Chemist: 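Structure in structure tokens, see below.
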Amino acid sequence: QVQLVESGGGLVQAGGSLRLSCAASGRTVSSYAMGWFRQVPGKERELVAAIAWSGDMAYPADSVKGRFTIARDNAKNTVYLQMNALKPEDTAVYYCALDLRRRYSSLAIYYTKESDFDSWGQGTQVTVSS
């Protein structure tokens, strides 16, 4: 089936930037919506960004609006999360997610929660120091 592998996490200083990558293999994912979640211990996974097949983007988490940008490169079968102006509260494990149930999705705003996606990467740690 499909595999999603995140990369690009690490330790950064507050105010810095980081770009996460999610490389998909085993299936072409350009026709499907994808998203980025983050999770800290004791809390549910939070959807921070989603992108539909159409290229429409949504940022359900108010805390990341204006700082994070989701993008995809269909030629590379990869989705990215550009994170700027990082804050210590951005520290989390970041997960890439894929929705294979809806093809040719139009509106990223339809994606709001974990159950909207059905395939997941293993996560990459992002730590933002003060």
Side-chain angles (χ1 to χ4, degrees):
Q1 192 60 229
V2 65
Q3 297 88 42
L4 304 176
V5 179
E6 301 96 334
S7 62
L11 175 64
V12 298
Q13 296 181 23
S17 297
L18 202 63
R19 188 178 75 162
L20 305 183
S21 298
C22 174
S25 61
R27 186 168 187 165
T28 298
V29 298
S30 60
S31 299
Y32 304 95
M34 299 188 71
W36 284 97
F37 286 76
R38 65 186 181 186
Q39 187 171 32
V40 299
K43 294 186 177 180
E44 297 181 350
R45 288 186 187 183
E46 175 189 37
L47 178 63
V48 299
I51 186 166
W53 160 81
S54 65
D56 186 48
M57 296 171 285
Y59 302 92
D62 289 340
S63 61
V64 313
K65 291 179 180 176
R67 300 189 298 119
F68 290 11
T69 303
I70 190 170
R72 69 196 309 169
D73 186 337
N74 291 334
K76 297 181 179 179
N77 215 30
T78 297
V79 66
Y80 304 94
L81 184 68
Q82 178 68 47
M83 304 185 293
N84 299 323
L86 283 163
K87 305 174 181 179
E89 51 262 45
D90 295 320
T91 296
V93 177
Y94 283 73
Y95 296 90
C96 176
L98 167 69
D99 173 30
L100 290 172
R101 296 168 294 185
R102 306 178 191 87
R103 202 173 184 184
Y104 306 119
S105 56
S106 296
L107 299 177
I109 197 170
Y110 290 161
Y111 295 89
T112 62
K113 57 191 182 296
E114 187 173 352
S115 61
D116 291 328
F117 299 87
D118 53 18
S119 298
W120 297 85
Q122 71 272 48
T124 184
Q125 176 71 47
V126 172
T127 302
V128 184
S129 63
S130 60

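Fair warning: this is a prediction, and the values are worked out from it, not measured in the lab.
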Chemist: Between S25 and V5, is any pair of side-chain heavy atoms under 4.5 Å apart?
Modeler: no

Chemist: Heavy atoms, side chains only, cut-off 4.5 Å: are M57 and Y59 in contact?
Modeler: yes

Chemist: Kindly state each residue pair satisfying ring-ring contact (aromatic ring centres under 6.0 Å, His included) with at least one member in residues 85-130, sequence neighbours excluded.
Modeler: F37-F117, F37-W120, W53-Y104, Y111-F117

Chemist: Rounded to the nearest 0.5 Å, what's the gap from OG on S119 to CG on D99? Could you check?
Modeler: 8.5 Å

Chemist: So how far is it from L81 CG to T124 OG1, rounded to the nearest 0.5 Å?
Modeler: 11.0 Å

Chemist: State, to 0.1 Å, how close V79 and W36 come at their nearest heavy-atom pair, and which atoms those are.
Modeler: O-CZ2, 3.8 Å

Chemist: Step by step, work out the side chain to side chain contact (heavy atoms under 4.5 Å, CB included) result for L47 and K113.
Modeler: CA-CA 6 Å; L47 178 63; K113 57 191 182 296; over 6 Å; no

Chemist: Could you check if a side-chain atom of Y32 sits within less than 4.5 angstrom of a side-chain atom of R103, using non-hydrogen atoms only?
Modeler: yes

Chemist: What's the shortest heavy-atom distance between Q1 and L100, and which atoms?
Modeler: OE1-CD1, 3.9 Å

Chemist: Assess whether a salt bridge exists between K87 and D90, defined as any Lys/Arg side-chain N lying under 4.0 Å from an Asp/Glu carboxylate O.
Modeler: no

Chemist: Are I70 and F68 connected in a single hydrophobic cluster, I mean Ile/Leu/Val/Met/Phe/Trp/Tyr linked by side-chain heavy atoms less than 4.5 Å apart?
Modeler: yes

Chemist: Are any side-chain N or O atoms of E46 and backbone N or O atoms of R38, one a donor and one an acceptor, separated by less than 3.5 Å?
Modeler: no

Chemist: To check you understand the geometry: which heavy-atom pair defines the closest contact between L18 and V12, and what is its length?
Modeler: CD1-CG1, 3.6 Å

Chemist: Output yes when a side-chain donor or acceptor of D73 lies under 3.5 Å from a complementary backbone atom of T78, and no otherwise.
Modeler: no

Chemist: Determine the minimum heavy-atom distance between S17 and N84, stating which atoms define it.
Modeler: OG-OD1, 2.8 Å

Chemist: Quick one: CE on M83 to OG1 on T69, what's the gap to the nearest 0.5 Å?
Modeler: 11.0 Å

Chemist: How close do R72 and V29 get, counting heavy atoms only, and between which atoms?
Modeler: NH2-O, 2.9 Å

Chemist: To check you understand the geometry: which heavy-atom pair defines the closest contact between S106 and S54, and what is its length?
Modeler: O-OG, 2.6 Å

Chemist: Side-chain contact test, heavy atoms from C-beta onward, threshold under 4.5 Å: evaluate it for Q125 versus T91 and give yes or no.
Modeler: yes

Chemist: Assess whether atom NZ of K76 is packed by more than 12 heavy atoms of other residues, nucleotides or ligands within 6.0 Å.
Modeler: no

Chemist: For the atom pair CE (M34) and CD1 (I51), what is the distance rounded to the nearest 0.5 Å?
Modeler: 9.5 Å

Chemist: So E89 and S63, do their side chains get closer than 4.5 Å, heavy atoms only?
Modeler: no

Chemist: First locate atom CZ of R101, then atom CG of D116, and finally report the distance between them rounded to the nearest 0.5 Å.
Modeler: 6.5 Å

